[in-house]
Amino acid sequence: EISREKPLLYTVLRKDFDNHLVKLAEKTGAKIQTTTTVTDIHHHTDHVELELDNKETLTTNLVIGADGARSFIADKTGLRNNHNEICRCLVTEEPLPPKEIEKVYSKKRSISLYIKTQGIAGYGWVFPKKAHVNIGIGEFESALPPGNGRTNLNTSFSNFIEELIKDKGLPSDFKPSNIKGGTLPIF
């Protein structure tokens, strides 16, 4: 166990953080479009043109690619750094009463990392927050033994939750309801 007086990191609720960024962008004049997709990008010396799936073309001086680990924007702009190393993940962020979080994780809300949990080529985590807990597992594709194939992350995730409940790291009635999958680029 490693402990520090000052926090090593702070956690936020992703949906709240993203919403805050959108509002800040809108305040400065950004136009947020969530129902269209960029299909091509053309670089010019003084601007960029974006072709959209609705056949519209936008002209701008700045493009922010927030489209994930396998970013189309990064590919089209030449900014991808060959991030072929990927960590496949399952994660849930569930509400828990602050008193329950404090009881299990103390007032400091210490994070927990579980290396090679459930036999995966990766790790599991628990990030307690003010009134939520973020729990996940991730497997590094490059760490898989040749010929063994991928682990069934759904089964591993369910077993990880059961282990946390058994070890009193989660309430006995804990049932994740919002499990999401994703990929993380490994640098």
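Both backbone and side-chain heavy atoms feed into the values below; hydrogens, waters and symmetry mates do not. All residue numbers in this chain count up from 1 along the given sequence.
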Exercise: identify the closest heavy-atom pair between Phe174 and Ile135: CZ-CD1, 3.8 Å

Which Ile, Leu, Val, Met, Phe, Trp or Tyr residues join Leu24 in one cluster when any pair of side-chain heavy atoms under 4.5 Å counts as a link? none

Give the table of side-chain donor-acceptor pairs shorter than 3.5 Å for residues 94-101, with sequence neighbours excluded, one pair per line with atom names and distance.
unit_1 : atom_1 : unit_2 : atom_2 : d
Glu94  : OE1    : Ser177 : OG     : 3.1
Glu94  : OE2    : Thr92  : OG1    : 2.4
Glu94  : OE2    : Ser177 : N      : 2.7
Glu94  : OE2    : Asn178 : N      : 3.0

When rounded to the nearest 0.5 angstrom, what distance separates NZ in Lys130 from CD in Glu102? 12.0 Å

Can you name the nearest heavy-atom pair linking Tyr123 to Cys87, along with the distance? CE2-SG, 4.5 Å

Min side-chain heavy-atom separation Thr60-Val63 under 4.5 Å: yes

Where the side chain of Asp167 meets the backbone of Gly169, is there a donor-acceptor pair that is under 3.5 Å apart? no

Quick one: sort the His44 and His47 rings into parallel, tilted or perpendicular, breaks at 30° and 60°. parallel

Are the side chain of Ser158 and the backbone N or O of Asn154 linked by a donor-acceptor pair below 3.5 Å? yes

Look at the side-chain heavy atoms of Ile, Leu, Val, Met, Phe, Trp and Tyr, link any pair under 4.5 Å apart, and say whether Leu52 and Ile41 land in one connected group. yes

Output all residues satisfying side chain to side chain donor-acceptor pair (under 3.5 Å) with His42, sequence neighbours left out; order by chain, then residue number. Glu51

Around His20, counting heavy atoms of other residues, nucleotides and ligands shown, do more than 12 lie under 6.0 Å from its NE2? no

Closest non-hydrogen atoms of Lys76 and His43, given as atom of the first, atom of the second and distance, are O-NE2, 3.4 Å

Could you identify which residues cluster with Ile64, counting Ile, Leu, Val, Met, Phe, Trp and Tyr as linked when any side-chain heavy atoms lie under 4.5 Å apart, either directly or through a chain of such contacts? Leu62

Quick one, Thr36 with Gln33, criterion side-chain contact (heavy atoms from CB on, under 4.5 Å). Give me CA distance, side-chain angles, the key distance, then yes/no. CA-CA 6 Å; Thr36 56; Gln33 295 189 356; 3.1 Å; yes

Spatial distance of atom OG1 (Thr39) from atom CG (Asn54) [nearest 0.5 Å]: 9.0 Å

Counting C-beta onward and ignoring hydrogens, is there a side-chain heavy-atom pair between Glu163 and Gln118 closer than 4.5 Å? yes

Minimum-distance pair of heavy atoms, taken over all atoms of Gly181 and Leu90: CA-CD2, 3.8 Å

Tyr114 vs Phe160, ring-ring contact (aromatic ring centres under 6.0 Å, His included): CA-CA, chis, key distance, verdict: CA-CA 10 Å; Tyr114 302 83; Phe160 182 50; 5.3 Å; yes

Would you say Val133 ends up clustered with Ile165 if hydrophobic residues are merged whenever their side chains have heavy atoms under 4.5 Å apart, either directly or through other cluster members? yes

Starting at CG of Leu50, measure out to CG of Leu58 and round the result to the nearest 0.5 Å. 5.5 Å

First locate atom CZ of Phe157, then atom OG1 of Thr117, and finally report the distance between them rounded to the nearest 0.5 Å. 11.0 Å

What about Ile161 and Tyr105, same hydrophobic cluster or not, with Ile/Leu/Val/Met/Phe/Trp/Tyr joined at side-chain heavy-atom distances under 4.5 Å? yes

Walk me through whether Ile111 and Trp125 qualify under side-chain contact (heavy atoms from CB on, under 4.5 Å). CA-CA 7 Å; Ile111 66 168; Trp125 67 85; over 6 Å; no

So if you build clusters from Ile, Leu, Val, Met, Phe, Trp, Tyr with side-chain heavy-atom gaps below 4.5 Å, do Leu113 and Ile120 land together? no

Smallest heavy-atom separation, Cys89 atom then Leu184 atom, equals SG-CD1, 3.7 Å

Is Ile179 reachable from Leu164 through a run of I, L, V, M, F, W or Y residues, each pair having side-chain heavy atoms under 4.5 Å apart? yes

Using a side-chain heavy atom cutoff under 4.5 Å and only I, L, V, M, F, W and Y, what cluster partners does Val12 have? Phe17, Leu21

Measure the CD-OG1 distance between Glu141 and Thr183 for me, rounded to the nearest 0.5 Å. 8.5 Å

Short question: side chain of Asn134, backbone of Phe127 - any donor-acceptor pair under 3.5 Å? no

Check side-chain contact (heavy atoms from CB on, under 4.5 Å) between Thr34 and all other residues, then give those that pass, not counting sequence neighbours. Ile32

Can Glu93 and Lys129 be said to form a salt bridge (Lys or Arg N to Asp or Glu O under 4.0 Å), step by step? CA-CA 10 Å; Glu93 189 142 84; Lys129 301 179 182 187; 2.6 Å; yes

Check: Arg88 side chain, Phe140 main-chain N or O, donor-acceptor pair, under 3.5 Å: no

Please confirm whether the backbone N or O of Ile73 pairs with a side-chain atom of Thr77, one donor and one acceptor, at under 3.5 Å? yes

Show, in sequence, the C-alpha distance, side-chain angles and deciding distance for Ile137 and Leu153, and conclude whether the side-chain contact (heavy atoms from CB on, under 4.5 Å) test is met. CA-CA 8 Å; Ile137 59 171; Leu153 283 184; 3.8 Å; yes

